[in-house]
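All values below come from the heavy atoms of this structure, side chains included, with hydrogens, waters and symmetry mates left out. A note on names: the letters A, B, ... follow the listed sequences, proteins ahead of strands, and every chain is numbered from 1. A quick note: this is a predicted structure, and the numbers were derived from the prediction, not measured.
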Amino acid sequence: MTTLAAPAHQQQATSLPPVPWRRMVWVAWRQHRLLLAGVAVTFGAVALYLFAMGLQIHDAYATVAACRPATSSACRQVGDNFFGTYQPSVSITEGILQLLPALIGAFAGAPILAREFESGTFRFAWTQGFGRTRWVIGKLAPLAIILAGASVLIGLLFSWYYQPLISAGDTNGALFPTVFDLSGVALAGWTLAAFAIGALAGTLIRRVVPAMFATLAVWSGLAILTGTYLRAHYLPPLITTSLNEPHPAWVLSQLWTFSGKPASLDKINQALAPIDARADSFQIFSPGPKTPANVDPFKYLTQHGYTLLTTYQPDSRFWTFQWIEGSWLLGLSLALLAATVWLVRRRNT
Amino acid sequence: MNVIETSGLGKSYGSTWALRDCTLAIPEGHMVALVGPNGAGKTTLLNLAVGLNAPTAGSITVLGKCAAGSPAALDGIAFVAQDMPLYKTLSAADMLHLTRNLNRRFDRGYAEARLGELGIPLKRKAGTMSGGQQAQLALTLALARRPRLLVLDEPMATLDPLARHDFMATVMAAMVDDGVSVLLSSHVLTELERVADYLVLVSRGRVQVAGEVDDLLAHHRMLTGPTAEANLYTEQLNVVHARQGEAQAHLLIRTNGAADPVPPGWEAQPVGLEELTLAYLREPGAAALPGPARRADTKIVGVAK
């Protein structure tokens with residue numbers, strides 16, 4: 001009898017039209033509207049601040065740019081004043097904005113599924129007609145798209161906000177680690193990655209608070225690893241022996257060599273003994289009482305067979321690096337989100 | 001149509017089997033009581049039936065031949081999990097709307113009317129409701145989906161007696177009005193004795209008893225007789241559980257029907273569902289499953305004194 005009944009049921013099963021996706025939009029909206037409001041307020045406040053301060057900085061920079069002749073001491077004074085006025089607040093802003101992706105990961109990514117597991121509501125959600133795979137996609141995808149879109153805008157706004165400082169001669173340039181990751185598309189990459197790390201951590205750990213801490217730890221680890229090591233190797237760094245440091249550029253290391261071999265600080269100090277100068281580090285020299293006024297220790301060393309090797313990434317590589325970082329972060333985020341969906345799909349209670 | 005059909009079904013977590021060798025065929029139209037001690041595997045079986053878990057061994061189909069957890073199965077089965085998980089911050093109206101959006105069918109009129117009858121305000125948040133109200137809301141959401149099978153995991157564990165009564169009244173009404181099949185688990189049989197007409201007894205991860213309550217009761221007898229003779233019959237009769245006092249012994253036996261002979265000098269009495277269940281739970285080795293009973297053809301050959 002089952003052989004007769006089976007095809008009929010299978011036909012019924014395949015002909016069932018699925019619950020439309022748009023219905024899940026309401027569900028996701030209703031469940032996460034507080035979160036979305038929080039995201040909107042946070043991103044809105046950041047955008048407003050960057051825009052208002054950016055206008056002010058651009059205005060102030062116009063005075064610097066208009067100063068003629070540009071090399072005069074009066075103009076240098078104007079430039080120094082500009083930096084003195086804005087550098088501190090820009091640095092603080094940079095520092096605070098570093099937290100933005102981490103907060104998104106901890107407060108948007110980690111709880112979104114962990115709360116369902118922790119409260120047991122996944123048993124309700126997964127047994128509805130919508131189906132759990134589509135449910136998890138319907139929850140994650142809109143938020144991921146909203147977060148990525150909003151953070152692209154913030155990233156571009158930050159680049160615009162920061163531009164006058166580079167134009168005014170900030171030697172570090174836009175590749176500097178704490179500037180680069182807030183600029184362009186990198187910020188969107190980091191925000192999306194934080195969200196994806198949070199979603200996966202929430203699915204694996206299934207408890208909100210531990211998942212939040214795990215997200216912060218993993219994201220920070222990844223960000224620090226990238227800033228201190230990975231990013232410097234996107235393209236082979238350039239090396240110069242010129243004493244005029246390239247700028248704007250991200251200087252990775254500076255090293256004195258003597259006949260092709262790295263020179264130790266002791267050796268440099270010996271070499272500097274005749275002019276009574278001391279090397280506190282490879283870049284900082286303090287003249288002694290007997291140091292002749294017209295002798296520059298840098299030039300003195302080069303005149304005595306030493307070479308300064310500066311390894312750096314030029315600022316012109318900014319957008320190349322942005323696309324590289326944005327791409328791999330996007331790839332990583334998609335992989336993590338796919339892993340989350342896969343886990344929900346096959347997860348046993 | 002069988003609402004649930006399993007074959008050699010098993011589920012293990014690591015090296016421990018929560019459920020194994022489970023073969024069942026539960027026909028539609030019943031109120032099925034899934035009974036067993038805590039940790040016996042009831043929740044595991046229910047989770048497998050609603051597709052929350054995937055089997056480690058064997059197979060399970062629902063509502064005819066639908067794979068558990070498939071779109072058709074999800075569409076036709078409403079599940080109320082243990083502790084009635086609801087979104088605590090959502091109001092009853094939002095929970096209604098949410099459930100409606102997640103399903104192909106949702107009888108909004110029914111749901112609103114039921115909540116009205118129960119005096120649950122639509123604007124009240126699920127988290128601020130009493131346990132009884134949360135249970136009723138969860139049940140209302142499940143029934144408004146117009147399921148063919150309603151699965152309830154320990155629905156009455158946290159309810160007071162009045163709320164239990166109201167809850168069961170709603171379930172019974174749905175059975176009568178809409179022909180919904182019901183599968184519900186409990187570790188307390190007493191609350192189901194009056195309403196269940198199909199029993200599945202699980203213990204230590206195995207199904208011990210499965211069948212219609214009337215059949216089970218018709219095929220079990222309590223024999224009472226002298227203790228001295230009891231051992232003679234335990235070999236010949238299909239004894240589920242023997243309780244021997246100093247003078248009198250009570251043997252709960254499985255028979256082929258009322259016509260089975262009774263040993264001379266012994267008295268046969270019908271058994272109650274609770275008595276039967278307890279007898280099986282005390283004897284984990286005994287089983288009463290569909291198909292030929294153990295030594296079903298045993299005849300009493302006489303009493304040797």
**Student:** Less than 4.5 Å to any heavy atom of chain A: does that hold for the side chain of B:Lys11, its backbone, both, or neither?
**Tutor:** side chain
**Student:** Could you walk me through whether B:Asp94 and A:Arg30 pass side-chain contact (heavy atoms from CB on, under 4.5 Å), step by step?
**Tutor:** CA-CA 8 Å; B:Asp94 281 339; A:Arg30 182 62 193 84; 2.7 Å; yes
**Student:** Distance check, rounded to the nearest 0.5 Å: A:Phe130 atom CZ versus B:Asn101 atom CG?
**Tutor:** 9.0 Å
**Student:** Which region of B:Leu48, side chain (C-beta onward) or backbone (N, CA, C, O), has a non-hydrogen atom less than 4.5 Å from a non-hydrogen atom of chain A, or is it both or neither?
**Tutor:** neither
**Student:** Do you know which two heavy atoms are closest between A:Thr121 and B:Leu86, and how far apart they sit?
**Tutor:** CG2-O, 3.4 Å
**Student:** Taking C-beta and beyond as the side chain, do B:Thr99 and A:Phe124 meet within less than 4.5 Å on heavy atoms?
**Tutor:** yes
**Student:** For a quick test of reading the model, state the closest non-hydrogen atom pair linking B:Leu52 to A:Arg132 and the distance between them.
**Tutor:** O-NH2, 3.1 Å
**Student:** Might you confirm whether atom CZ of A:Phe117 has over 12 heavy atoms from other residues, nucleotides or ligands at distances under 6.0 Å?
**Tutor:** yes
**Student:** Which heavy atom in B:Pro85 sits nearest to a heavy atom in A:Gly120, and how many Å separate them?
**Tutor:** CB-O, 3.3 Å
**Student:** Are A:Val27 and B:Leu102 side-chain neighbours, meaning at least one heavy-atom pair lies under 4.5 Å?
**Tutor:** yes
**Student:** Any idea which heavy atoms bring B:Phe79 and A:Arg123 closest together, and the distance?
**Tutor:** CD2-O, 4.1 Å
**Student:** CE of A:Met24 to CG of B:Leu98: how many Å apart, nearest 0.5 Å?
**Tutor:** 8.0 Å
**Student:** Give, as side chain, backbone, both or neither, the part of A:Ser119 having an atom under 4.5 angstrom from any heavy atom of chain B.
**Tutor:** backbone
**Student:** A:Gln128 and B:Phe106: side-chain contact (heavy atoms from CB on, under 4.5 Å), yes or no, with the steps?
**Tutor:** CA-CA 11 Å; A:Gln128 305 300 311; B:Phe106 190 82; over 6 Å; no
**Student:** Below 4.5 Å, heavy-atom pairs only: which of A:Arg134, A:Arg346, A:Gln31, A:Arg115 has the largest tally toward chain B?
**Tutor:** A:Gln31
**Student:** Tell me the closest heavy-atom pair linking B:Asn103 and A:Arg23, and the distance in Å.
**Tutor:** O-NH1, 3.1 Å
**Student:** Answer yes or no: are there more than 12 heavy-atom neighbours, outside B:Arg105 itself, under 6.0 Å from its atom CZ?
**Tutor:** yes
**Student:** By a 4.5 Å heavy-atom criterion (distance strictly below it), what part of B:Ala54 contacts chain A: side chain, backbone, both, or neither?
**Tutor:** both
**Student:** So what's closer than 4.5 Å to chain A heavy atoms on B:Arg145: side chain, backbone, both or neither?
**Tutor:** side chain
